[in-house]
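These notes are about the structure you will find just below.
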Amino acid sequence: MKNVNAYAAKSNDADLEPFDIERREILANDVKIEIDYCGVCHSDIHQVRNDWGNSKYPVVPGHEIIGHVTEVGKDVKNFKVGDLVGVGCMVDSCQECQSCKDDLEQYCENGMVATYNGPDKHLGGHTFGGYSEMIVVREKFVLKVPENLDTKAVAPLLCAGITTWSPLRQWNVKKGDKVGVVGLGGLGHMGVKFASALGAHTVMITTSPSKAEDAKRLGADEVLISKNEDEMKKHQGTFDFILNTVPVGHDTNPYVGLLKRDATMTLVGAIDEVDIHGGGLIMGRKRLAGSLIGGIKETQEMLDFCGEHNIVSDIEMIDIQNINEAYDRVVKSDVKYRFVIDMKSLKK
Ligand code: NAP
Ligand code: ZN
């Protein structure tokens with residue numbers, strides 16, 4: 001076991017602060033990774049503040065990890081020392097259930113192991129995430145990172161990227177479709193980039209008129225201000241698909257009204273109660289769905305697509321010492337569009 005520098009929150013109303021954690025010695029199938037960068041997801045904040053009621057303290061967040069390999073176990077086949085790699089929201093799953101066999105480890109029927117706040121099978125207790133110097137991960141859950149991209153800006157692809165890519169692919173978004181992305185934050189800005197790269201007519205649906213110009217720069221063909229009822233009316237019944245990244249429970253009815261007959265809106269953000277009127281779905285045979293991150297195979301496909309199409313996140317770099325201030329800014333929807341922590345700052 002190794003002592004490693006990290007940052008943790010010790011309770012739901014505490015700031016994050018320096019904290020020592022242990023990592024296991026590498027096993028035959030493990031890869032040891034020195035962490036270079038870690039993105040800051042809104043889920044990190046939900047977990048630190050116990051918004052979902054299931055946090056375990058101390059919480060060491062971080063599931064948008066980029067680093068390089070410093071050691072591999074004797075049975076590791078796909079990675080060698082020096083490789084540029086990523087780790088996302090999962091570090092293990094049973095590998096035996098139907099979901100795992102279908103490359104959908106995020107829906108593992110025996111429970112996937114989340115990168116942080118998951119059950120740690122090796123050391124007991126719970127897992128610790130990427131706000132740390134180093135991590136040891138089972139090979140199967142390590143991703144290859146294309147070398148041609150700006151490495152810092154790749155980090156958010158490991159969660160914000162795959163969480164938006166997976167539903168766009170699952171609901172077969174294609175050229176000619178009219179696709180809405182609700183919420184221009186970490187997830188939403190990747191949703192716009194991907195929908196646009198897949199050839200869809202992409203509409204950014206935002207509460208923030210000040211983000212309109214950015215939305216267009218990111219690839220949106222149109223911007224719809226959701227608080228403007230006249231504008232919302234004009235778009236009624238016209239969308240083939242809507243990806244909703246709003247991070248809290250909310251009234252989904254105005255967005256469902258935007259869908260065409262038989263079209264789907266998929267929630268990825270509101271992991272709590274939402275308001276939905278049955279009539280809005282029934283009149284038009286519409287669908288409300290949900291989606292959780294993406295499987296490892298699909299995450300690798302997304303990273304490879306980003307390598308080929310030169311897609312990365314728009315990021316603001318921070319030192320770990322500024323993490324608490326960064327959280328407050330994310331909650332105020334004031335980040336363009338993902339904070340990424342430079343992990344070298346942990347050594348300061
Ligand atoms: P974020 O950066 O805070 O972005 C969320 C955006 O939603 C905001 O920038 C804002 O955009 C909009 N918004 C905020 N509050 C709103 C409200 N009350 N009503 C309408 N719009 C609102 O968050 P994120 O990192 O993208 O994460 C979004 C959510 O997805 C979080 O809840 C996170 O936990 C969850 N998540 C889910 C998965 C999954 O697998 N399903 C994976 C990762 C994250 P505008 O200013 O444009 O309105
Ligand atoms: Zn996340």
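Just so you know, ligand 1 is whichever comes first in the structure, and atom 1 is the first atom listed for that ligand.
Residues forming a side chain to side chain donor-acceptor pair (under 3.5 Å) with Asp328 (at least two apart in sequence, or on another chain): Arg49. Residues satisfying the salt bridge (charged side-chain N to carboxylate O under 4.0 Å, His left out) criterion with Lys152, sequence neighbours excluded, are Asp150.
Considering only heavy atoms from C-beta on, Ile225 stays 4.5 Å or farther from Thr207 through its side chain. Side-chain contact between Pro254 and Met232: present, with at least one pair of heavy atoms (C-beta onward) separated by less than 4.5 Å.
The shell of residues lying under 4.0 angstrom from ligand 1, judged by heavy atoms, excludes Ala160. The shortest separation from a heavy atom of His250 to ligand 1 is not under 4.0 Å, leaving the residue out of contact. Close to ligand 1: Trp52, with a non-hydrogen atom less than 4.0 angstrom away. Residue Arg338 places a heavy atom under 4.0 Å from ligand 1.
Residue Cys159 counts as close to the Zn ion (ligand 2), with an N, O or S atom under 2.8 Å. Not one N, O or S atom of His42 sits under 2.8 Å from the Zn ion (ligand 2).
Between Asp221 and Lys178, none of the side-chain N atoms (NZ, or NE/NH1/NH2) sits under 4.0 Å from a carboxylate O, so this pair counts as no salt bridge. For Asp240 and Lys260, the salt-bridge test passes: some basic side-chain N is under 4.0 Å from an acidic carboxylate O. In this structure, Lys140 pairs ionically with Glu105, as a charged nitrogen and a carboxylate oxygen lie closer than 4.0 Å. Salt bridge status for Lys347 with Glu34: present, with a side-chain N to carboxylate O gap under 4.0 Å.
Note on ring orientation: taking the six-membered ring where Trp is involved, the planes of His46 and Trp52 are tilted (angle from 30° to 60°).
In terms of protein heavy atoms, atom 48 (O) of ligand 1 is closest to Thr207 OG1, 2.6 Å. His42 ND1, 2.6 Å is the protein heavy atom nearest to atom 3 (O) of ligand 1. Among all protein heavy atoms, the one lying closest to atom 10 (C) of ligand 1 is Ser333 OG, 3.5 Å. With hydrogens left out, the protein atom closest to atom 14 (C) of ligand 1 is Pro247 CD, 3.4 Å, a heavy atom. Of the protein's heavy atoms, Gly186 N, 2.9 Å lies nearest to atom 2 (O) of ligand 1. Counting protein heavy atoms only, atom 4 (O) of ligand 1 is closest to Gly185 CA, 3.3 Å. Looking only at heavy atoms of the protein, atom 30 (O) of ligand 1 is closest to Gly269 CA, 3.2 Å. Atom 12 (C) of ligand 1 has Gly183 CA, 3.8 Å as its closest protein atom, hydrogens excluded (heavy atom only).
Between Leu292 and ligand 1, no pair of N/O atoms sits closer than 3.5 Å. Below 3.5 Å of separation, one finds an N or O of Val268 facing an N or O of ligand 1. An N or O contact shorter than 3.5 Å links Ile293 to ligand 1 by distance. Polar contact with ligand 1: absent for Ile271 (N/O pair, distance under 3.5 Å).
Each of the following atoms of ligand 1 lies closer than 4.0 Å to a heavy atom of Cys159: 42 (C), 43 (C). Counting atoms of ligand 1 from 1 in the listed order, those under 4.0 Å from a heavy atom of Ser43 are 33 (C), 34 (O), 35 (C), 36 (N), 43 (C), 44 (C). Atoms of ligand 1 found under 4.0 Å from any heavy atom of Thr206, numbered from 1 in the order shown, are 45 (P), 46 (O), 47 (O), 48 (O). Taking every heavy atom of Thr245 and a limit of under 4.0 angstrom, the matching atoms of ligand 1 come to 28 (C), 29 (C). Of all atoms in ligand 1, numbered sequentially from 1 with element shown, those under 4.0 Å from a heavy atom of Cys41 are 43 (C), 44 (C). The ligand atoms of ligand 1 that sit less than 4.0 angstrom from a heavy atom of Thr163 are 38 (C), 39 (C), 40 (O), 41 (N), 42 (C), 43 (C). Listed by number with element, the atoms of ligand 1 under 4.0 angstrom from any heavy atom of Val248 are 18 (N). In the vicinity of Lys211, heavy-atom distances shorter than 4.0 Å reach the ligand 1 atoms 9 (O), 11 (O), 45 (P), 46 (O), 47 (O).
In summary, the side chains of Ser93 and Gln95 do present a donor paired with an acceptor at a separation below 3.5 Å, with no hydrogens or angles considered. Defined by atom type and a distance below 3.5 Å, a donor-acceptor pair is present between the side-chain atoms of Tyr337 and Asp214. Counting only N and O atoms by type, the side chains of Asp15 and Tyr327 include no donor and acceptor under 3.5 Å apart.
Just one residue in the list Glu316, His189, His42, Glu64 forms a side chain to side chain donor-acceptor pair (under 3.5 Å) with Arg338, and that residue is Glu64. Each of Leu158, Val137, Val87 was checked for a side-chain contact (heavy atoms from CB on, under 4.5 Å) with Leu143, and the lone residue meeting it is Leu158.
Across every non-hydrogen atom of Ser166 and Glu298, the tightest pair is OG-OE1, 2.8 Å. Nearest heavy-atom pair across Val182 and Thr245 is O-OG1, 2.7 Å. The two residues Ile135 and Phe128 make their nearest non-hydrogen contact at CD1-O, 4.0 Å.
With the Zn ion (ligand 2) as vertex, Cys41 SG and His63 NE2 subtend 120°, rounded to 10°.
Comparing heavy-atom distances from atom 21 (N) of ligand 1 across Val330, Val246, Val181, Leu187 singles out Val246 as nearest.
Contacts of Ala270 with ligand 1, taken as heavy-atom pairs under 4.0 Å, are absent altogether.
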